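In what follows, a single structure is set out as structure tokens and then discussed.
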Number of protein chains: 2
Amino acid sequence: MTVRQTDTKEEILRLGTEFIQVYGYNAFSYADISKELDIKNAAVHYHFPGKEDLLAGIIDQYIQRYKELGTKINTPGMTAKQKLDIFISRYTDLCEQNKICIIGSVCSDYNTMPESVKAKLGELIEMVLGMVEKVLQQGKRSGELNFPETARVKSLLIMTNLAAGVQLARITGKKDYIAICKSIIDQIST
Amino acid sequence: MTVRQTDTKEEILRLGTEFIQVYGYNAFSYADISKELDIKNAAVHYHFPGKEDLLAGIIDQYIQRYKELGTKINTPGMTAKQKLDIFISRYTDLCEQNKICIIGSVCSDYNTMPESVKAKLGELIEMVLGMVEKVLQQGKRSGELNFPETARVKSLLIMTNLAAGVQLARITGKKDYIAICKSIIDQIST
DNA sequence: AGAAATACTTACTACTTAGTAAGTTACTTT
DNA sequence: AAAGTAACTTACTAAGTAGTAAGTATTTCT
């Protein structure tokens, strides 16, 4: 039962996530993190020996957060539409902060990553897609939502719209992202 | 009327494009290019003084190619569906070579780029979206295609499906990309 | 109180990065 | 034939990169 002496490790994870979302994985260095936190780069290496370890830690944290979201979503009395809105709002938040989804960001550099990280990334994606699929399935069964595709394929369509939507918004502006979100909702509404 | 002494410049552009599509913009160096072409890194700097110039050249070439595609597409006797298939096949080719769209790739590193490159990227995207929009409009008018959204929004939806689809395929496999393509076609078919 | 673990800093190394200045070769123009 | 230009190479620099070994202060365990 340690009391918590430091939150340096969590700050490193926070900053690492932010840098990936804002500048990309191969565009930031341990020096960027240490400068920002006013510590030495060796301190970053202490918590995460290599940059790959940091990336693995960031993805693990992401997986953890989505697991918590899954628990939250399984609260009874929530409609499928409300659940889906929670997923969409995650991307809307990113868009408003001029960030992009770490999955999309890391995907560009995917081929420069070790197998261990690739596996973790696969786990994260399958988890998110699975969660959205379940929500869509629930909505379809209850008659709340309507779409011609299978729930799996529809989750692929929606998630690709959102992921590339925030990327596009960086270049063409937020109005395009907003239009995409509106269409996603319209498409599945009965 | 120069005869063409060298194709080094074009080879650099070709390799640069490939590196961006395979590893990402901030993950390759001038040394990677010079090694591959068996020249010195100074030779790369001769043709493209800075990495930003190389990126600008790559995007310019992409814009040029899409312009040529636009001309090709304006050939009479081509259905809207055939035209759209040409756009889709570009992404399918990428997917098969385990590459991703340069727009999506570069987007991760967008905030590390100079304004001149950002502007070029905007030009490229608006051009592609505009072309797809026109094709969709034509198809809708002629009754060949059917969709509830505006042509502009539908082009956003389709292009985000494709762009993120090839990204996703890297991680979860090509079957997901294929399912996405099938759905795109199904959605707009009358 | 002493030992051990935690969370660092100091000080460094080996390597890679983009980038440049000056020289070389070969072809083209006048 | 001379001058100029294009397309390089040679040889380098300054800055940044990930990463490490050894030391220090502080807390925790026994």
Side-chain angles (χ1 to χ4, degrees), chain A residues 1-20 22-59 105-106 108-117, chain B residues 1-20 22-59 105-106 108-117:
Chain A
M1 177 145 301
T2 46
V3 184
R4 126 73 105 328
Q5 292 88 2
T6 173
D7 40 13
T8 301
K9 191 170 183 175
E10 275 166 47
E11 284 286 283
I12 294 169
L13 283 171
R14 206 204 79 235
L15 258 176
T17 305
E18 193 177 310
F19 281 140
I20 289 175
V22 177
Y23 304 110
Y25 176 68
N26 280 316
F28 79 91
S29 71
Y30 271 30
D32 294 323
I33 290 178
S34 59
K35 261 178 235 159
E36 190 85 12
L37 296 178
D38 203 33
I39 55 176
K40 301 296 153 184
N41 76 322
V44 185
H45 281 285
Y46 170 75
H47 291 289
F48 302 98
K51 212 180 166 185
E52 294 162 1
D53 302 295
L54 174 55
L55 181 58
I58 288 168
I59 299 173
S105 180
V106 161
S108 304
D109 309 271
Y110 187 72
N111 291 322
T112 70
M113 285 162 195
E115 291 305 317
S116 58
V117 171
Chain B
M1 181 148 293
T2 47
V3 182
R4 129 72 105 327
Q5 292 88 3
T6 174
D7 39 16
T8 301
K9 190 170 183 175
E10 275 166 46
E11 284 287 283
I12 294 169
L13 283 169
R14 204 205 79 233
L15 259 175
T17 305
E18 193 177 310
F19 281 140
I20 289 176
V22 177
Y23 303 111
Y25 176 70
N26 280 315
F28 80 91
S29 70
Y30 270 30
D32 293 323
I33 289 179
S34 58
K35 262 179 234 159
E36 189 85 14
L37 295 178
D38 202 34
I39 53 174
K40 302 297 153 183
N41 76 322
V44 186
H45 282 285
Y46 170 74
H47 291 287
F48 301 99
K51 212 180 166 184
E52 294 162 1
D53 302 295
L54 174 56
L55 181 58
I58 289 168
I59 299 171
S105 179
V106 161
S108 303
D109 309 272
Y110 187 73
N111 292 321
T112 71
M113 285 161 197
E115 290 304 318
S116 57
V117 171

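These figures come from a predicted structure and were not determined experimentally. Numbers restart at 1 for each chain; the letters A, B, ... are given by sequence-line order, proteins then strands.
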#### Entry: Nearest-Å distance for atom pair CG/P, residues B/Asp7 and D/dA7
11 Å
### Task
Determine yes or no for a side-chain-to-main-chain donor-acceptor pair under 3.5 angstrom, with B/Asp109 supplying the side chain and A/Gly24 the backbone.
no
### Message
With a 3.5 Å distance limit and no angle check, can you tell me whether B/Tyr30 reaches the backbone of B/Gly50 through a side-chain donor-acceptor pair?
### Response
yes
### Task
Would you check if the side chain of A/Ser34 reaches a backbone N or O of A/Lys40 as a donor-acceptor pair within less than 3.5 Å?
no
### Query
Where the side chain of A/His47 is concerned, which of C/dA18, D/dA7, C/dC8 is the nearest nucleotide?
C/dC8
### Message
Using whole Å, what does the distance between atom C1' of nucleotide D/dA7 and atom CZ of B/Phe48 come to?
### Response
13 Å
### Message
Angle between ring planes, A/Tyr25 versus A/Phe28, binned at 30° and 60°: parallel, tilted or perpendicular?
### Response
perpendicular
### Query
When the distance from CG of A/Asn41 to P of C/dC8 is rounded to whole Å, what number comes out?
14 Å
### Task
Look at the side-chain N and O atoms of B/Thr8 and state whether any lies under 4.0 Å from the OP1 or OP2 oxygen of D/dA7.
no
### Task
Go through D/dA11, C/dC8, C/dT10 for me and flag the one nearest to the A/Ala42 side chain.
C/dT10
#### Entry: Partner of B/Ile58 by side chain to side chain contact (heavy atoms under 4.5 Å, CB included), out of B/Asp53, B/Ile20, B/Val106
B/Ile20
### Task
To the nearest Å, give me how far apart OH (A/Tyr46) and C1' (D/dA22) are.
15 Å
### Message
For A/Glu18 and A/Tyr23: C-alpha separation, side-chain torsions, deciding distance, then whether side-chain contact (heavy atoms from CB on, under 4.5 Å) applies.
### Response
CA-CA 8 Å; A/Glu18 193 177 310; A/Tyr23 304 110; over 6 Å; no
### Message
What is the separation between atom CD1 on A/Ile12 and atom C1' on C/dC8, rounded to the nearest whole Å?
### Response
11 Å
Identify each atom pair where a protein N or O and an N or O of nucleotides 13-17 of chain D are less than 3.5 Å apart, giving names and distance.
unit_1	atom_1	unit_2	atom_2	d
D/dT17	OP1	A/Ser29	OG	3.4
D/dT17	OP2	A/Ser29	OG	3.2

### Task
Take atom NE2 of A/His45 and atom C1' of C/dA11, then tell me their distance rounded to the nearest Å.
14 Å
### Task
Could you check which of C/dT9, D/dT10, D/dA18 has an atom nearest any side-chain atom of A/Lys40?
C/dT9
